[in-house]
Amino acid sequence: MKPVRLAALLAALALLGGCAAPAAAPRRYTATFLTLFDTVTTVLGYAESEEAFREEAQQLHDRLLYYHQLFNIYEEYEGMANLKTVNDHAGVAPVEVEAPILEMLAFSQEMYRETDGRVNVAMGSVLSLWHDAREAALANPDAAAPPDADALAEAAAHTDLSQMQLDEAASTVYLADPEMSLDVGAIAKGWAVEQVCREAPAGLLVSVGGNVRATGPKADGEDWVAGIQNPDGGAYLETVAVRDGSVVTSGDYQRYFTAGGVQYHHIIDPDTGYPAAYWRSVTVLCPDSGVADALSTALFTLPLEAGQALLDRFGAEALWLDRDGVRYESPGFGDHIRT
């Protein structure tokens, strides 16, 4: 696959505070690009030269692009069997895929079990109805409407994850239900970020939309500080320290549409087939970005007590913001706050 060159803004920033650093001291650089997972991606890090940082950022971008293409359910790519290929062959035949697809889908099965079905990549038939409704609403707001209730009920009948059959020996994926489709939006981005960051140079901070992952402390040994977005804009809800782990937020403010005075966001409760109604946003702190991605989605569809119980199983921390603007924190979340 020919690499796609990074369309990035690279800016060298002097290290903050103190006296002037020696000439050979690493400097801070930033790369920003828009080609991955339909969101803004930013890489922060320190290097001895812009060229060295550019090379690191390019390699990280290209690896993320590879995963973006593998997990895409809307577009095909020449010479690649991706998740769109798998969906197109539902009920027809197994599809031979590359190892990362099998690994990510096996991880999705694990998280389905661990979250008691709150994260289900087999909900594509339901999520596609909401996707189409959102696209139609953006194109013609006056005609905006949620999906038909009967259509949602019919789609929900085709979300049984056991119908996704993985054959590691043959390297194939088969959807036994011909009306079933995969949508990995709740898990694939975090999983991909985790894989890339495990092999990335130390001392980077990578942000892919609401997924932030640090690969180690800054060049001076200090923690990175990540801001948690306020759904209503303005100042951050909070800023937290991150050294070698992830901060992942799910919220109702990124992908939504309004119909009949009601706002419909993209995080769907698997029990109802409609947008979950508990929270405005949920932020999870966890060493593993893939786990954090899954947990933030699961917690968004659960009441506080059930969400805390799930967090405890993973030793993770969270910040919840409810629909009245009231904040809730897990017991250890405050230890990570930085002002």
Side-chain angles (χ1 to χ4, degrees), residues 44 107-108 110-119 186-187 189-191 193-195 197-198 200 202-218 220-232 234-254 267 276-339:
L44 294 149
F107 174 72
S108 75
E110 177 186 354
M111 295 311 298
Y112 177 85
R113 293 189 294 268
E114 293 287 350
T115 64
D116 298 322
R118 308 313 296 176
V119 179
I187 205 166
K189 181 171 62 173
W191 188 89
V193 168
E194 181 64 24
Q195 308 316 302
C197 285
R198 285 179 182 179
L204 297 178
L205 186 71
V206 181
S207 173
V208 186
N211 294 63
V212 176
R213 173 69 154 83
T215 67
K218 295 187 289 185
D220 60 4
E222 294 295 318
D223 293 340
W224 292 98
V225 178
I228 299 173
Q229 186 172 344
N230 186 330
D232 296 319
Y236 290 127
L237 282 180
E238 199 56 84
T239 54
V240 295
V242 56
R243 171 172 288 253
D244 189 14
S246 62
V247 183
V248 177
T249 299
S250 292
D252 67 359
Y253 51 89
Q254 294 179 325
I267 306 175
Y278 292 105
W279 310 107
R280 294 291 320 277
S281 70
V282 177
T283 298
V284 171
L285 310 182
C286 181
D288 187 296
S289 179
V291 173
D293 204 2
L295 288 179
S296 70
T297 299
L299 266 61
F300 200 93
T301 69
L302 289 169
L304 184 63
E305 184 175 346
Q308 182 62 62
L310 181 57
L311 275 180
D312 290 343
R313 290 162 60 180
F314 286 89
E317 304 294 343
L319 169 67
W320 295 261
L321 183 72
D322 74 11
R323 308 194 72 78
D324 295 320
V326 179
R327 289 175 40 152
Y328 301 87
E329 298 177 6
S330 60
F333 184 86
D335 296 338
H336 301 271
I337 292 176
R338 295 294 183 271
T339 56

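A donor atom on one side chain and an acceptor atom on the other are found under 3.5 Å apart for Thr301 and Arg118. Residues Thr283 and Thr249 bring a donor and an acceptor atom of their side chains to less than 3.5 Å of each other.
Of all heavy-atom pairs between Asn230 and Ala235, the closest is CB-O, 3.2 Å. The shortest heavy-atom contact between Met111 and Ala294 is CE-CB, 3.7 Å. Nearest heavy atom pair, residue Gly227 against residue Thr239, reads CA-CG2, 4.1 Å. Here the closest heavy-atom approach between residue Ile187 and residue Ser108 is recorded as CD1-CA, 3.8 Å. Here the closest non-hydrogen pair linking Ala226 and Val242 is CB-CG1, 4.4 Å. Residues Phe333 and Glu238 share a closest heavy-atom pair of CE2-CG, 4.4 Å.
Ser289 places a side-chain N or O within 3.5 Å of a backbone atom of Gly190 that can act as its donor or acceptor partner. A distance-only check finds a donor-acceptor pair linking the side chain of Ser330 to the backbone of Ala318 [under 3.5 Å].
Put simply, CD on Glu194 and OG on Ser246 are 6.5 Å apart, with the number rounded to the nearest 0.5 Å. Going from atom CG of Leu319 over to atom CD1 of Ile337 covers 7.5 Å, rounded to the nearest 0.5 Å. Summarising the geometry, atom CG belonging to Leu302 is positioned 8.0 Å from atom OG1 belonging to Thr115; distances are rounded to the nearest 0.5 Å. The CG atom of Asp252 sits 9.5 Å away from the CD atom of Gln254 when rounded to the nearest 0.5 Å. Rounded to the nearest 0.5 Å, atoms OH (Tyr278) and CZ (Arg323) are 12.0 Å apart. Interatomic distance, Tyr236 OH to Ile228 CD1, rounded to the nearest 0.5 Å: 10.5 Å.
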Checking side-chain hydrogen bond (donor to acceptor under 3.5 Å, both in side chains) for the pair Ser296/Ser250: CA distance, chi angles, key distance, verdict?
-> CA-CA 6 Å; Ser296 70; Ser250 292; 2.7 Å; yes

Run the side chain to side chain contact (heavy atoms under 4.5 Å, CB included) check on Arg338 and Asp223 step by step: do they pass? CA-CA 10 Å; Arg338 295 294 183 271; Asp223 293 340; 4.0 Å; yes

(request) Give the intermediate values and the outcome of side chain to side chain contact (heavy atoms under 4.5 Å, CB included) for residues Val240 and Leu285. (result) CA-CA 9 Å; Val240 295; Leu285 310 182; 4.2 Å; yes

Subject >> Test side chain to side chain contact (heavy atoms under 4.5 Å, CB included) applied to Phe314 and Val284, step by step >> reply: CA-CA 11 Å; Phe314 286 89; Val284 171; over 6 Å; no

Exercise for review: Test Trp279 against Leu299 for side chain to side chain contact (heavy atoms under 4.5 Å, CB included), laying out the working first.
Suggested key: CA-CA 9 Å; Trp279 310 107; Leu299 266 61; 5.9 Å; no

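Between Arg198 and Asp288, at least one side-chain N (NZ, or NE/NH1/NH2) sits under 4.0 Å from a carboxylate O, which counts as a salt bridge. With respect to the salt-bridge test (charged N to carboxylate O, under 4.0 angstrom), the residues Arg327 and Asp322 do not qualify. A salt bridge is defined here as a Lys NZ or Arg NE, NH1 or NH2 lying under 4.0 Å from an Asp or Glu carboxylate O, and Asp324 with Arg280 fails to meet this definition. For Arg213 and Asp293, the salt-bridge test fails: no basic side-chain N is under 4.0 Å from an acidic carboxylate O.
For residues 302-313, every residue pair satisfying the side chain to side chain donor-acceptor pair (under 3.5 Å) rule, not counting sequence neighbours, is listed here: Glu114-Arg313, Gln308-Asp312.
A 4.5 Å side-chain heavy-atom check between Trp224 and Pro217 finds every atom pair outside the cut-off.
Applying the ring pair (Phe, Tyr, Trp, His ring centres under 6.0 Å) criterion to Tyr253, with sequence neighbours excluded, gives no partner residue.
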